Every structure is written in C-alpha cells, then in structure tokens.
Number of protein chains: 2
Amino acid sequence: MSPKVADPVRAAETEAAILEAARDLAAEGGLDALSMRGVAAQVGLSATAIYHYFENKQALVTRVVTLGFERFVGYLRAAIAELPRGSRERLRALGDAYIRFALENREYFKVLFGTYSETPQDIEELPDGGGYDLFRQTVVEAMESGAIRRADPDLVVLYLWAHVHGLVTLLLACRPEARCRHTGEQLSAPDLFARFRDFVYSGLRPQGAPEVETDGASAS
Amino acid sequence: MSPKVADPVRAAETEAAILEAARDLAAEGGLDALSMRGVAAQVGLSATAIYHYFENKQALVTRVVTLGFERFVGYLRAAIAELPRGSRERLRALGDAYIRFALENREYFKVLFGTYSETPQDIEELPDGGGYDLFRQTVVEAMESGAIRRADPDLVVLYLWAHVHGLVTLLLACRPEARCRHTGEQLSAPDLFARFRDFVYSGLRPQGAPEVETDGASAS
DNA sequence: GCTGTTAATATAACGCTGTCAAGTTGACAC
DNA sequence: GTGTCAACTTGACAGCGTTATATTAACAGC
C-alpha cells in the first residue's frame with residue numbers, strides 16, 4: 001500500500017525553492033509582486049505546479065509570513081544578545097531592532113504586519129509568538145532588576161510594542177514626521193524613537209504633579 | 001471658444017456617485033473590493049467611463065482616502081467638542097475616538113492607513129492635516145493648562161499618535177491581545193487604551209527613581 | 001441649418017491575475 | 001504487466017486595470 005514517494009528530498013527542495021522565491025518577491029515588491037506565475041517562473045515551474053505544494057496563494061503567503069517572522073525575531077534576538085539582562089538598554093535595543101527591521105525590510109514588513117494581507121495571523125501561532133515571547137521576557141527581567149516599574153508584564157509589552165509599531169507604521173503610511181519641523185532637520189524613525197524615550201520613561205505628567213491621576217474627569 | 005460643458009451639474013453628480021460607490025465598496029471590503037468594474041456596475045456605467053472622471057484607479061483611491069480622512073477628522077472633532085479646552089480628558093477623548101473609528105470602520109481604516117495602498121499620502125495634503133492639526137492644538141492647550149508637561153508639541157503629538165495608532169494596527173494585524181490573559185477576560189482596544197493611560201501619564205520609571213535617566217548605557 | 005468640437009459614454013481587446021480541469025510522465029508496488 | 005500516485009504541463013475561465021477606438025448628443029460659430 002505504501003504510497004509512491006518518488007523523492008521526498010527533491011520534493012522538500014522544490015517546496016523550499018518555491019518558498020524562497022516567494023519570499024524574495026515579497027521582500028522586493030510586497031504582496032503585489034508575489035504572483036503565482038512570478039514565483040513559478042523564478043523556480044522554473046509552471047504556475048499550477050505550485051498548487052501541488054500549497055493549497056492556494058493564501059497558504060503560500062501564510063508560509064512566507066511565518067518565514068518573515070523568523071527573520072524578524074532574529075533581528076530582535078541579535079540586538080539584545082550582548083546586552084546585560086534586566087537592563088533598560090535591552091528594551092531600547094529591541095525597539096531599535098524593530099525599527100531597523102521595518103526600515104531595512106520595508107516591503108517585507110508590510111507583508112508581515114500589513115492589514116491588507118488576508119492573513120489575520122494569530123500571533124500565538126507564529127514562531128516565538130512573533131517576537132512576543134522575547135519582548136515579554138525582556139520586560140519581566142527589566143522589572144525584576146528595577147529598571148522599570150512593576151506592572152502587568154503583558155500590558156507593558158503591548159504598550160511598548162504598540163509604541164514602536166505605531167511609530168514605524170505611521171511613518172510608513174503617511175510620513176507625519178514632516179510635521180516635526182522644530183529644528184528644521186528631518187527626523188528619522190530611530191531619531192524619533194530616541195526622543196520618545198523620555199516620554200516612555202517619565203511620562204507626560206508635569207514635573208511636580210502628584211503621581212496619582214487627579215484629572216477632573218470621572219467618566220471613561 | 002467656450003468648450004461644450006454639456007451639463008456641469010450632471011457631471012459633478014456622476015463624479016460624486018462614482019466616489020460614493022467607491023467609498024462604499026472600500027468601506028465594506030477594503031481595497032480588494034474596490035474595482036473599477038464594481039464601481040461602474042454600482043453606478044450604472046461601464047468601467048471605462050470612470051476614466052473620464054479619474055485618471056486611473058490610483059486617483060480614485062486617493063480621492064476615497066481623502067474622503068475617509070474627512071470622516072476620520074469628524075470623529076475626532078465630535079469627540080472633543082463638548083470637553084473643556086486644555087483638559088487631559090480631551091486628549092483621552094481623541095484617543096478613544098481614534099480607536100472607535102478604527103473599530104467601526106475597519107476596512108476603511110485599513111484603506112486610509114494601509115501600508116499596502118500605493119498612496120503614500122503625505123499627511124500635509126490631507127484635510128486638516130489628516131487630524132494632525134486637531135491633535136496638535138489639543139496637545140498645545142493641554143500643555144498651556146498644565147495638564148501635561150511642556151515639551152515639543154510636534155514630538156508629543158507624534159508620540160501620542162503612534163501610541164494609539166500602534167495599538168489599533170497591532171490589534172488589527174495580529175491580535176496580540178490574546179496574550180494578555182492576566183485576568184482571563186478578553187481585553188478590547190478601548191480597554192487596553194484605558195489601561196495604558198497610566199503608562200503614558202506617569203511613564204515606566206519606578207516610583208522613587210530619579211527623574212533624569214541614569215541608566216548605565218552610554219551608546220545609542 | 002450645417003459643420004466642427006467636445007463631453008460622455010460604450011464596446012472590444014490586451015496582458016495580467018488566481019485557479020481549476022484535464023492530460024502527461026515517470027517511478028514504484030504487486 | 002498493470003495500477004497507482006507524485007509531480008508536473010497545457011489550456012482554459014473569470015476577473016482585474018487599462019487602452020484604443022467608436023458612438024452619441026449637445027453646443028458654438030458661421
């Protein structure tokens with residue numbers, strides 16, 4: 001009964017080649033540039049042959065996204081490798097790496113986090129939680145060392161993540177940094193991130209104001 | 001010499017109808033659902049007739065985006081209309097409205113801020129600066145009233161904007177809030193925003209730590 | 001009233017897309 | 001041999017944005 005696996009190695013290689021081609025195309029020109037025919041041409045197959053390895057384009061894209069998150073997590077991991085555990089420096093490095101990844105892999109980044117991809121990836125299914133785990137561990141260690149205040153780690157992770165993610169997506173989407181003309185010079189994403197550091201650390205509360213919120217508002 | 005303007009009123013109405021149909025389709029199913037043929041069918045024209053009013057699909061999308069930002073700014077404006085100038089409450093309301101717009105107009109929001117649209121809108125060209133002006137004014141007033149600390153307004157605007165924008169785009173893209181299982185219940189975007197408030201106001205600095213950064217890091 | 005111009009539309013087609021149906025080839029099992 | 005199945009191919013379909021070309025109707029000037 002044993003089914004005829006003609007050559008499992010070659011099959012795996014072909015699938016890997018397809019995946020690689022798809023990744024390259026997506027990294028170069030985004031999802032628009034990732035076409036079945038384009039991938040097929042790069043691999044030397046007919047377009048329909050891909051359907052033997054991937055159910056449809058969506059499945060292929062999903063795999064490409066997974067690959068991308070591995071690469072993304074690699075950026076993060078490398079960024080903090082040499083930095084002392086528990087340091088706030090490590091948190092900064094994560095943010096810097098996040099930004100660097102987005103800027104150095106613009107199209108790829110858009111594919112990964114693009115709200116247009118019909119890939120509503122649950123982050124839980126991604127390798128390393130799509131970077132969440134690494135982020136979380138770094139936050140927990142920073143809390144334990146006293147580098148940042150103690151609070152719900154998941155909340156803080158999401159807070160910091162949204163902070164850096166919002167910065168890059170906003171810049172990628174509508175370049176609002178042009179509005180920051182205080183000194184005339186153009187502010188890059190890393191520049192802005194550095195200037196936000198103080199807000200993240202000390203907040204927007206005026207110096208001397210009580211630490212507990214006393215704003216008149218009671219609702220919401 | 002006067003060119004034959006057959007019926008300028010009717011022409012304007014047709015253009016408006018096209019725009020309206022395009023907006024509806026985009027709001028319903030995102031950019032993918034916005035096709036020239038689809039719009040044409042809804043208006044009762046042939047697809048190519050649209051090219052008489054818009055140079056190409058890109059131009060049509062750009063107009064739809066502009067319309068969307070007007071709607072977006074309407075949300076923001078309405079949210080703070082009844083709140084006292086200079087209050088931090090107003091800043092909160094802006095954030096809440098931002099989130100509400102994103103959740104109530106998911107597909108539309110993706111079109112406006114989608115990094116896939118080949119519409120790298122410079123925010124300056126949008127009505128009301130795409131909401132930037134309103135945001136900025138609110139920040140400036142909050143600074144003047146002492147509700148938040150004094151700093152470069154543009155920096156603070158971008159900081160707050162990135163904060164709320166990052167939150168919603170992250171949630172729209174990969175639902176990381178599932179990771180926040182501290183209390184077991186599901187946290188919605190407005191919930192999360194409310195919980196982040198304290199971080200934004202007081203920062204992540206541990207209570208009692210000096211206001212000036214004294215982290216060991218010198219680099220970066 | 002005829003002629004020329006032009007707005008406003010239509011039809012047909014091109015090349016692209018994802019996808020499906022059907023056919024081909026070759027390796028292996030019995 | 002014969003059958004089965006993996007690994008492909010070709011051909012086609014419907015949809016896309018876009019272009020070229022044609023049609024119709026309205027108006028301007030003579």
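Worth knowing before you read on, the calculation uses all heavy atoms, side chains too, and leaves out hydrogens, waters and symmetry mates. In the text below, chain A, chain B and the rest are named by the order of the sequence lines, each starting its count at 1. It should be emphasised that the depicted structure is a prediction, and the values quoted were computed from it without experimental measurement.
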field: Atom-pair distance (CD on Q58(B); P on dT19(D)), nearest Å
entry: 13 Å
message: Between R92(A) and E89(A) (salt bridge meaning N to carboxylate O under 4.0 Å), is one present in this structure?
response: no
- prompt: With sugar-phosphate meaning primed atoms plus P, OP1 and OP2, does F54(B) contact a base, only sugar-phosphate, or nothing at under 4.0 Å between heavy atoms?
  reply: nothing
- line: Separation of dA6(D) atom P from I18(A) atom CD1, nearest Å, is 16 Å
- prompt: Any donor and acceptor pair, going by atom type alone, linking the side chain of K57(A) with main-chain N or O of L34(A) inside 3.5 Å?
  reply: yes
query: Can N105(B) and R71(B) be said to form a side chain to side chain contact (heavy atoms under 4.5 Å, CB included), step by step?
result: CA-CA 10 Å; N105(B) 309 275; R71(B) 188 180 164 84; 3.1 Å; yes
- request: May I ask you to evaluate whether T48(A) reaches the phosphate of dT9(D), defined as a side-chain N or O under 4.0 Å from OP1 or OP2?
  value: no
task: Look at S35(A) and dT17(C) and indicate whether a side-chain polar atom (N or O) is within less than 4.0 Å of OP1 or OP2.
output: yes
message: When you measure from the side-chain N and O atoms of Y51(B) to the phosphate of dG17(D), is any distance below 4.0 Å, counting only OP1 and OP2?
response: no
message: Any base atoms under 4.0 Å from A49(B), or only sugar-phosphate, or nothing? Heavy atoms, all strands.
response: sugar-phosphate
D128(A) with R77(A): basic N within carboxylate O range, under 4.0 Å: yes
task: Grab the CD-C1' distance between E15(A) and dA7(D) for me, whole Å please.
output: 13 Å
query: From dT18(D), dC8(D), dT9(C), pick the nucleotide closest to the side chain of Y53(B)?
result: dT9(C)
query: What nucleic acid atoms does I50(B) come within less than 4.0 Å of, heavy atoms only: base, sugar-phosphate, or nothing?
result: nothing
- prompt: dT18(D) P sits how many Å from K57(B) NZ, rounded?
  reply: 8 Å
task: Starting at atom CG of D32(A), determine the distance to atom C1' of dG18(C), rounded to an integer number of angstrom.
output: 14 Å
- prompt: When the distance from CG of L45(B) to P of dT11(C) is rounded to whole Å, what number comes out?
  reply: 11 Å
query: How do N56(B) and R37(A) order along DNA chain D: which one's closest nucleotide is nearer the 5' end?
result: R37(A)
message: From CE of M36(B) over to C1' of dC16(C), roughly how many Å is that when rounded to an integer?
response: 16 Å
query: Whole Å only: how far is the NE2 atom of H52(B) from the C1' atom of dT21(D)?
result: 14 Å
message: Set out, in order, the CA-CA distance, both residues' side-chain angles and the distance that settles side chain to side chain contact (heavy atoms under 4.5 Å, CB included) for Y132(B) and W161(B), then state yes or no.
response: CA-CA 9 Å; Y132(B) 191 97; W161(B) 196 345; 3.3 Å; yes
